[in-house]
Amino acid sequence: MSDLPAEPFDGEDMTAGEYALGVLDQGERAAAAARAEREPAFAREVEAWQERLYPMADAVAEVTPPAHIWPRIQRALGPTTAKVVDLAQRRAVAFWRNWAVAATAAAAVALVFLVVRQPAPTPAAPPAPAAQALLIAELTDKDGHGFLRVTYDQAKGELRAVPSLTLPVGDKRAAELWLIPADGVPRSLGVIDTAHPTVVKVSDTLRPGAKTEAALAITSEQPGGSPTGKPTTTPKWIGKLGAV
Amino acid sequence: MATDTERARLVTALGAVAGGDRDALQQIYRDTSAKLYGVCLRILNDTAEAEDVLQDIYLTIWRRAGAFEPERGLSPITWLVAIARNKSIDRLRATARPRALRPMEEAAHVADDGPAPSLAVERADEAAALNRCMGELDPQHADVVRTAFFEGVTYEALAARIGAPVGTVKSWIRRSLQRLRTCLEAGAPA
């Protein structure tokens with residue numbers, strides 16, 4: 001076989017296809033994975049190769065996994081965490097449901113936050129995130145469509161909100177970002193740019209609540225944000241922080 | 001089950017998982033674990049490793065379901081298979097366990113292995129198109145592509161297996177990928 005002439009190859013970079021196929025070695029794979037994280041265009045290219053090649057998986061014989069696997073997964077999800085999550089979510093939902101009523105009597109909550117705007121970085125060179133301290137959230141609308149990606153650097157207390165589409169908050173309205181920690185009460189993280197990445201410095205007061213399973217939400221507010229420090233509309237996009 | 005129904009069911013379940021719905025994760029597990037476990041086993045060739053990776057796969061689905069973006073047109077099955085393959089291949093690379101040499105995959109059997117009905121239906125057309133395009137490759141090159149896909153092995157391992165220089169195998173695979181892309185984009189033959 002080795003004496004068969006190799007076909008000429010025109011040198012096109014096939015890394016995305018090679019990564020999707022799975023022929024790269026450990027170092028090359030890690031590099032490709034990191035590149036996919038940084039470069040959306042490369043990530044799309046990898047996905048296109050997956051769509052082309054992965055129908056091959058249809059030919060892989062199905063094998064029913066042993067019965068103990070699902071209980072193991074359930075245990076790994078953790079009953080305590082799950083209750084906290086569910087509770088936090090129920091509280092968040094209850095908060096939004098009752099908001100219209102509660103808003104009239106709302107006392108302003110003193111919130112300390114600072115919004116720092118930065119020019120949008122080029123897509124090819126976002127900051128390299130610290131491995132463990134990074135949390136992500138995908139904020140979706142009620143139909144599950146993603147509108148905003150949030151990365152949160154716990155070590156720096158720095159949150160980066162990147163709209164994947166221009167957020168349709170309405171004419172002369174602002175997009176206000178809220179953190180909803182386990183107590184279910186929204187805390188403002190400030191108004192974000194509807195079309196470009198915004199970097200938000202989370203205040204020291206709010207940092208303890210900004211962790212895995214805390215929810216993030218965006219409401220449409222008057223320019224400059226809610227005057228009361230509480231949301232005045234129901235959230236259009238919502239998601240929760242989780243490990244990368 | 002109709003194509004769109006199966007796909008919509010998974011997309012809906014993934015959306016629910018993103019919202020923290022455990023029952024939805026269990027539904028996805030019921031619908032897909034046999035396929036994904038098959039994928040893991042084929043790559044890892046070791047039940048203990050495959051079980052461990054399978055658990056990791058569903059925990060990853062739980063955490064990352066929010067990152068699945070159906071509006072971009074990505075198939076949910078592809079997304080799940082990608083997680084399964086990536087986890088399995090990463091494990092394979094990390095353990096670097098010497099594996100018994102297995103024969104190369106045989107050509108022209110993509111559609112003949114009795115694809116399971118639950119997941120295969122959705123992609124019957126895609127699988128048929130891919131199978132046709134694989135059939136247009138040099139049979140030996142197609143074998144190498146298939147082995148790479150099913151077993152997740154490196155260029156080096158493929159080259160060792162068939163006794164060819166690594167550069168030759170790289171050339172075969174890159175050329176094959178280009179041809180597959182061209183063939184799939186051209187659509188059905190006249």
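Note that the structure is a prediction, hence the values are computed from the model and not measured. Protein chains get the first letters and strands the later ones, always in sequence-line order, with residue 1 at the start of each.
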Looking at [options], which makes the most heavy-atom pairs under 4.5 Å with chain A?
options                            : answer
B:Gly15, B:Ala82, B:Gly152         : B:Ala82
B:Val39, B:Thr47, B:Asn86, B:Thr12 : B:Asn86
B:Leu25, B:Ile173, B:Leu177        : B:Leu177

Interface moiety of [X] toward chain B, non-hydrogen atoms closer than 4.5 Å:
X        : answer
A:Arg52  : both
A:Leu139 : neither
A:Ala20  : backbone

Please classify the contact between [X] and chain A as side chain, backbone, both or neither, with a heavy-atom cut-off of under 4.5 Å.
X        : value
B:Val169 : neither
B:Asp52  : both
B:Gln26  : both
B:Glu71  : side chain
B:Glu69  : side chain
B:Leu14  : neither
B:Arg181 : both
B:Tyr155 : both

Quick one: does any side-chain atom of B:Lys35 pair with a main-chain N or O of B:Val81 as donor and acceptor, under 3.5 Å?
no
I'd like to check the salt bridge (charged side-chain N to carboxylate O under 4.0 Å, His left out) partners of B:Arg85; sequence neighbours left out, ordered by chain and number.
none
